[in-house]
Amino acid sequence: VEIDDYLKEKKEVVEAELDSLLPPSQEYPETIHESLRYSVFVGGKRIRPILAISSYEACGGDDLERFLPLACSLELIHTFSFIHDDLPCMDDDDYRRGAKTSHLVFGEAVALLAGDALFNMAFEVILGSQFDDTTKVRVMEEISSSVGTRGVIGGQVIDVISEGEEPTPEKLEFIHSKKTGKLIEASLTIGAICAKVPSEKISWMGQAGSKLGLAFQIVDDLLDIEGDFDVVGKRGGKDSFHGKLTYPALYGVQRSREMAQDLRDEAKSIFERFGKKGEILSGLTDFIVDRVY
Ligand code: IPE
Ligand code: IPE
Ligand code: MG
Ligand code: MG
Ligand code: MG
């Protein structure tokens, strides 16, 4: 219950900030601005900005207003990644966040450009924040490397070119920890960077983030099988349809669930090192593993 209140409160703060960061839909060229706002505001748990904020707070950060744009930059990048992920040349999906995907509403060209725009905007937002230049550079380094070919893009490439192949444990872990894990890892890491804790604590956040990020994608795989379309907001059964390499495809549903729970426990044992201040992060970890959407 306490964590539900936390999620609700932070979601509102994040959404208000996103609203102020995105250009108005009336601004020329309207189509692109409408498409950005459509994908950003049609739904979403805001879990990456919320993780970043709780990492920042767990590390003693006390200037949330200054940190908010950086937290929101993660949501911009996340939104870019799923607009592109849904395109016909990628997963070819028609629903996202309970609504038609960007390319079905705005056309493929605009959806492609909307993803590009959000990716670029994330860095503009970081540059425009009130942190010192050194901190901005460290945050940009962390986020850009988490999206690159050693991060999200690398995971996505193996995800799409491996469709129909037999999954192996190594390949699966690579795909999941890169395509989804890396941005979650970066979310926790930038909170610690901005709170200016010693490097040891920054790396603890990264380690917990990589466990939590992998767990997050295992649960996403499970929701593709067991989820309720009206709750999840995206069409199920797509992974087996495309022959995707998923945890349930290799290990079965039961074992995959246990693996996610083990990763949850490992992440929580790292968050415990932050004492009382780490409790929210542990609560968010439970939320992520037990979620139904
Ligand atoms: C879905 O992410 C895409 C993945 C990386 C698995 P979320 O489950 O966080 O989706 P939203 O943001 O709540 O819609
Ligand atoms: C997506 O993985 C990871 C991203 C970088 C968006 P999925 O393809 O499983 O995500 P969903 O299920 O479409 O949200
Ligand atoms: Mg995909
Ligand atoms: Mg997809
Ligand atoms: Mg999925």
Side-chain angles (χ1 to χ4, degrees), residues 7-8 10-11 14-15 18 38-52 71-72 74-103 111 115 118-119 143 146-149 151-163 167 172 174-187 209 212-227 229 231-249 256 260 284-285 287-293:
L7 279 162
K8 190 166 174 281
K10 297 300 186 214
K11 190 171 188 275
V14 164
E15 288 175 351
L18 284 166
Y38 175 82
S39 291
V40 171
F41 292 115
V42 77
K45 298 179 285 293
R46 318 302 186 193
I47 209 72
R48 294 154 190 81
I50 293 172
L51 283 170
C72 288
L74 298 158
E75 188 69 12
L76 300 176
I77 292 197
H78 168 57
T79 308
F80 130 70
S81 79
F82 71 65
I83 292 174
H84 285 187
D85 179 77
D86 290 335
L87 286 169
C89 59
M90 299 278 289
D91 292 351
D92 191 18
D93 268 304
D94 57 354
Y95 275 89
R96 166 72 60 181
R97 293 181 160 176
K100 289 279 181 194
T101 43
S102 180
H103 60 94
L118 289 166
F119 181 65
I143 295 182
S146 80
V147 185
T149 56
V152 177
I153 310 292
Q156 288 283 66
V157 164
I158 301 299
D159 175 289
V160 295
I161 69 175
S162 307
E163 288 180 5
L172 261 181
F174 180 90
I175 293 171
H176 286 46
S177 58
K178 304 286 179 182
K179 75 172 182 176
T180 299
K182 276 288 172 187
L183 192 59
I184 288 179
E185 193 181 319
S187 305
L212 181 54
L214 179 54
F216 191 99
Q217 185 56 42
I218 296 174
V219 174
D220 184 79
D221 288 354
L222 289 166
L223 289 172
D224 184 79
I225 295 172
E226 299 181 317
F229 174 76
V231 182
V232 182
K234 44 188 192 187
R235 207 177 282 288
K238 292 300 301 287
D239 291 338
S240 68
F241 177 80
H242 284 300
K244 292 281 193 193
L245 275 54
T246 67
Y247 273 67
S256 299
L284 292 172
T285 303
F287 167 79
I288 285 168
V289 173
D290 297 333
R291 75 200 153 94
V292 292
Y293 63 100

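Read the numbers this way: they start at 1 and go in the same order the structure lists the ligands and their atoms. Just so you know, these numbers come straight off a predicted model, no measurement behind them.
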Which pair of heavy atoms, one from [X] and one from [Y], lies closest together, and at what distance?
X: Val219; Y: Ala260; answer: CG2-CB, 4.2 Å
X: Leu118; Y: Ile83; answer: CD1-CD1, 3.8 Å
X: Thr285; Y: Leu212; answer: CG2-CD1, 3.8 Å
X: Ser39; Y: Ser102; answer: OG-CB, 3.8 Å

### Query
Hey, which N, O or S atom on Asp220 ends up closest to the Mg ion (ligand 5)?
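Minimum-distance N/O/S atom of Asp220 relative to the Mg ion (ligand 5) is OD2.
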
Tell me: protein heavy atom nearest [atom], and distance?
atom: atom 1 (C) of ligand 2; answer: Asp85 OD1, 3.7 Å
atom: atom 4 (C) of ligand 2; answer: Gln156 NE2, 3.7 Å
atom: atom 7 (P) of ligand 1; answer: Lys45 NZ, 3.4 Å
atom: atom 14 (O) of ligand 1; answer: Arg97 NE, 2.9 Å
atom: atom 6 (C) of ligand 2; answer: Ser81 OG, 3.6 Å
atom: atom 9 (O) of ligand 2; answer: Asp220 OD2, 3.1 Å
atom: atom 8 (O) of ligand 2; answer: Asp91 OD2, 2.8 Å
atom: atom 2 (O) of ligand 2; answer: Lys179 NZ, 3.2 Å

### Task
Show which atoms of ligand 2 fall inside a sub-4.0 Å distance from at least one heavy-atom site of Gln217.
2 (O), 9 (O)

### Message
Using a 6.0 Å distance limit plus a 45 degree cone around the ring axis, check whether Arg97 lies over the aromatic ring of Tyr38.
### Response
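Here Arg97 fails the 6.0 Å and 45° test against Tyr38.
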
Any nitrogen or oxygen of [X] lying under 3.5 Å from a nitrogen or oxygen in ligand 1? Just yes or no.
X: Thr180; answer: no
X: His78; answer: yes
X: Lys234; answer: no

Does the distance from a Lys or Arg side-chain N to an Asp or Glu carboxylate O, for [X] and [Y], drop under 4.0 Å?
X: Asp91; Y: Lys238; value: no
X: Lys244; Y: Asp221; value: no
X: Asp85; Y: Arg96; value: yes

### Query
Counting only heavy atoms, which portion of Phe82 has something under 4.0 Å from ligand 1: side chain, backbone, both, or neither?
neither

### Query
So does Asp224 have any N/O/S atom less than 2.8 Å away from the Mg ion (ligand 5)?
no

### Query
Going by heavy atoms, is Phe216 under 4.0 Å from ligand 1?
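Within the 4.0 Å threshold, so yes.
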
### Task
Using distance alone, decide if ligand 2 has a nitrogen or oxygen within less than 3.5 Å of any nitrogen or oxygen in Arg96.
yes

### Task
Considering the heavy atoms of Arg291, write down every atom of ligand 1 situated less than 4.0 Å from one of them.
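The list of qualifying atoms is 8 (O).
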
### Query
More than 12 non-hydrogen atoms from neighbouring residues, nucleotides or ligands closer than 6.0 Å to CZ on Phe41, yes or no?
yes

### Query
Does a side chain donor of either Gln156 or Asp159 reach within less than 3.5 Å of an acceptor in the other side chain?
no

### Task
Anything under 30° is parallel, anything over 60° is perpendicular, the rest tilted; go ahead and classify Phe80 against Phe119.
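Rings of Phe80 and Phe119: tilted, 30 to 60°.
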
